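Below: one structure, written as structure tokens.
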Amino acid sequence: MDKTGITPTRKENYAEWYQQVIRAADLAENAPVRGCMIIKPNGYQLWETLQHKLDQAFKATGHVNAYFPLFIPVRFLQKEAEHVAGFAKECAVVTHSRLQANEQGVLEPASPLEEPLIVRPTSETIIGEAFSRWVQSYRDLPLLINQWANVVRWEMRTRLFLRTSEFLWQEGHTAHATAEEARQETLRMLEIYRRIIEEDLAIPALVGEKTASERFPGALSTYTLEGMMQDRKALQLGTSHFLGQNFAKAMNIQFVDVDGKAQYAWTTSWGVTTRLIGSLVMVHSDDDGLVLPPKVANVQAVIMPIIHDEAQREQIEAYCDQVQRQLQDRGKGLRISLDKRAMRGGEKRWQWIKRGACCLIEIGMKEMESQSVTLSWRDTLQRETLPLTQWVATFADGLKAMQQRLFERAKSNREQSTQRISSVADFYQFFQNDGGFALAYWSEDPETEEKIKSELKVTVRCLPQAFASERGACLFTNKPDCPLAVFAKAY
RNA sequence: CGGGAUGUAGCUUAGCCUGGUAGAGCGCUACGUUCGGGACGUAGAGGCCAUCGGUUCGAAUCCGAUCAUCCCGACCA
């Protein structure tokens with residue numbers, strides 16, 4: 001194959017390749033509003049699939065969904081000092097309640113609001129206000145709430161799915177009677193994210209804790225899941241925050257404990273966003289377009305009738321219907337498409353390759369006569385022909401195998417670009433070459449963090465859980481007994 | 001918000017310097033030949049050249065203003 005589905009290739013221009021994959025798969029487009037995107041049906045279907053999997057996991061752990069206002073009074077945000085500082089610079093502010101035509105007939109804002117409202121960049125404060133009324137006694141705890149919503153963070157530089165001014169997410173907000181319980185909740189949700197990201201999205205996730213500088217504004221600790229994209233840059237896939245009593249104190253979430261004493265609750269929040277769709281594109285896709293893990297793919301198999309002679313159309317299509325029915329009978333949840341559009345076979349095949357259909361099934365006279373199918377899996381694109389009965393019986397296993405292949409490939413990509421670093425010179429060398437994830441002992445001192453950020457554009461992604469027991473002398477300061485940190489360039 | 005650039009068909013764009021009211025490729029529609037690795041031919045639809053103003057007999061083209069977008073910097077799921 002010399003001609004690739006996507007121009008340019010990953011190697012030629014990764015950023016442009018990413019945009020083109022999204023365009024070719026028809027996932028989303030830039031909206032006529034600055035920094036915003038239109039998520040098209042193919043993209044939204046992916047989001048619905050992720051939503052469904054996450055929602056099930058949340059419900060299974062006792063969380064319930066609710067919906068809180070889009071608008072938040074400015075004074076709410078103001079109640080937590082770090083929180084304001086973190087979000088103030090990127091808030092959309094609503095100041096007027098109507099439009100009025102001026103002398104030229106141009107509509108202008110009129111009727112100023114007494115108190116400006118911000119469009120939620122996140123909902124800790126407005127949910128906290130509600131919690132303060134809902135929580136009275138230790139019997140009201142834990143309070144486990146999730147919200148599916150859009151949020152707005154006014155961004156300077158935007159990219160489809162990865163960074164837009166408005167995006168979709170879920171934000172979980174919980175309140176607990178003890179610090180220990182809240183911390184457990186933070187870690188429990190982190191583990192749910194890890195499981196879905198690794199098992200459904202087939203993206204190996206590096207799990208760990210954020211440093212002070214990368215922590216959520218107002219949190220005591222922030223845990224993160226970091227994925228490595230094919231350009232070796234890190235992408236934060238989800239976060240879970242232990243908020244301590246900061247928001248409980250700011251929003252006055254108090255309860256009476258067993259001993260009759262008033263106590264501040266301990267709260268958490270955690271979220272993942274439509275950015276996960278961007279990570280799917282950047283981790284699995286290739287120079288021919290979108291590649292998706294079967295568990296979340298919109299189309300797990302597409303059946304394409306190949307018709308040379310119009311006289312044969314009817315019988316070939318009837319055979320295709322039969323193949324679809326038999327596959328579908330093997331599993332209710334299977335997503336099988338039958339593409340009867342009158343297009344040339346090659347063109348049709350390419351279209352489905354670019355859209356990330358997991359399995360491409362071509363059926364013409366040969367297959368019909370021999371009761372077989374010709375198929376290829378999206379990640380390898382190698383054709384093989386199998387008897388229909390055998391194919392139907394093994395299709396589900398084929399999906400599983402592809403899911404596994406994608407995960408293993410992503411994992412081996414990450415491992416190849418992950419390196420233990422033991423000298424500052426090697427550290428600089430590593431990032432001046434190809435880069436990736438650099439593991440090094442680090443004293444958590446903010447000065448080196450600042451220095452490498454300005455000199456190399458490298459940040460500390462997290463202190464990984466997997467290496468929590470390892471201690472060593474800091475790479476930069478030589479201070480003994482420091483934790484291992486992961487450094488990388490990040491989106 | 002600083003530095004640089006650009007606005008012409010759904011998309012990518014030529015034309016602008018040297019004024020004479022628009023050309024191409026892709027896409028779209030129809031028909032024909034094709035069809036298991038991205039077809040080709042023929043015909044056709046589609047643009048008051050970002051907006052407003054100025055210069056001129058005449059402006060996509062020259063001048064001014066406005067708006068928008070993109071790229072580079074400081075911030076970010």
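Convention: sequence-line order gives letters A, B, ...; per-chain numbering from 1. Note that these values count all heavy atoms, side chains included, but never hydrogens, waters or copies made by symmetry. What you see is a predicted model; the values in this text were computed from it and never measured.
Using a 4.0 Å heavy-atom distance criterion, A:G364 is classed as a base contact. Among the atoms of the strands shown, base atoms are found under 4.0 Å from some heavy atom of A:T164. Within the 4.0 angstrom heavy-atom criterion, no nucleotide atom of any strand lies near A:T274. Within the nucleic acid shown, A:K354 comes within 4.0 Å of at least one base atom, counting heavy atoms only. The residue A:L162 sits close to a base: some heavy atom pair falls under 4.0 Å. As judged by a 4.0 angstrom heavy-atom cut-off over every strand, A:E367 is placed among the base-contacting residues.
With rounding to whole Å, A:R383 atom CZ is found 6 Å from B:G36 atom C1'. As a whole-Å value, the separation of A:D26 CG from B:G27 P is 16 Å. Rounded to a whole Å, the CG atom of A:L381 is 13 Å from the C1' atom of B:G38. Straight-line distance from the CD1 atom of A:I316 to the P atom of B:C35: 14 Å, rounded to whole Å. The interatomic distance linking A:W350 (CH2) with B:G37 (P) rounds to 11 Å, in whole Å. Here B:C75 presents its P atom at 19 Å from CZ of A:R215, a figure rounded to the nearest Å. Between the C1' atom of B:C71 and the CG atom of A:N13 lies a distance of 13 Å, rounded to the nearest Å. Regarding A:E450, its CD atom lies at a distance of 12 Å from the C1' atom of B:A74, rounded to whole Å.
For the pair A:A490 and A:K366, nearest-nucleotide mapping onto RNA chain B gives the more 5' position to A:K366. Nearer the 5' end of RNA chain B, as judged by each residue's closest nucleotide, is the contact made by A:I363, out of A:K453 and A:I363.
Using the six-membered ring where Trp is involved, A:Y193 and A:W270 have ring planes that are perpendicular, over 60° apart on the 30 and 60° scheme. Using bins of under 30°, 30° to 60° and over 60° for the plane-to-plane angle, the ring pair A:W442/A:F487 lands in the perpendicular bin.
Comparing B:G73, B:A77, B:G36 by their closest approach to the side chain of A:K457 singles out B:G73. Side-chain proximity of A:E362 to the nucleotides B:G36, B:G38, B:A77 is greatest for B:G36. Proximity note for A:R23 (side chain, C-beta onward) versus B:A77, B:G36, B:C11: the nearest is B:C11.
Pairing each heavy atom of A:K489 with each of A:K457, the nearest pair is CG-O, 3.5 Å.
With both ends at atom C1', the span from B:U12 to B:C49 equals 16 Å, rounded to whole Å. Going from the P atom of B:A5 to that of B:A65 covers 15 Å, rounded to whole Å. Spacing between B:U6 and B:U61 at atom P, rounded to whole Å, works out to 15 Å. Separating the P atom of B:A45 from that of B:A50 is a span of 24 Å, rounded to the nearest Å. B:U8 and B:A60 have their C1' atoms separated by 7 Å, with the value rounded to a whole Å. With P as the reference atom, B:A22 and B:G47 are 13 Å apart, rounded to whole Å. Distance noted for atom C1' between B:U66 and B:C72: 25 Å (whole Å). Across the P atoms, B:U21 and B:C16 are found 14 Å apart, a figure rounded to whole Å.
Remark: side-chain polar atoms of A:T61 are paired, donor with acceptor, to backbone N or O of A:F58 under 3.5 angstrom. The main-chain N or O of A:R10 is never found under 3.5 Å from a side-chain atom of A:Y18 such that the two would form a donor-acceptor pair.
Each of A:K59, A:H52, A:K53 was checked for a side chain to side chain donor-acceptor pair (under 3.5 Å) with A:D55, and the lone residue meeting it is A:K59.
Nucleotide B:G44 forms a Watson-Crick or G-U wobble pair with B:C28, both donor-acceptor distances falling under 3.5 Å. Nucleotide B:C35 forms no Watson-Crick or G-U wobble pair with any nucleotide shown, as no partner meets the under 3.5 Å limit on both distances. Taking a pair to require two hydrogen-bonding distances under 3.5 Å in either a Watson-Crick or a G-U wobble arrangement, B:G64 pairs with B:C52. In this structure, B:U69 and B:A5 make a Watson-Crick or G-U wobble pair, each of the two defining distances being under 3.5 angstrom. Across all strands shown, nothing is found opposite B:C16 as a Watson-Crick or G-U wobble partner with both distances under 3.5 Å.
OP1 and OP2 of B:A39 both lie 4.0 Å or more from every side-chain N or O belonging to A:K348. For B:G36, the OP1/OP2 oxygens have a side-chain nitrogen or oxygen of A:R344 closer than 4.0 Å.
Taking 4.0 Å as the cut-off between side-chain N and carboxylate O, A:R194 and A:E191 count as a salt-bridged pair. Taking a cutoff of 4.0 Å between a charged side-chain nitrogen and a carboxylate oxygen, A:R215 and A:E82 do not qualify as a salt bridge.
Looking at A:E29, its side chain has no donor and acceptor atom pair within 3.5 Å of the base of B:G10.
In this structure, A:F167 packs face-to-face on the six-membered ring of B:A77, meeting both the 5.5 Å centre cutoff and the 30° plane limit.
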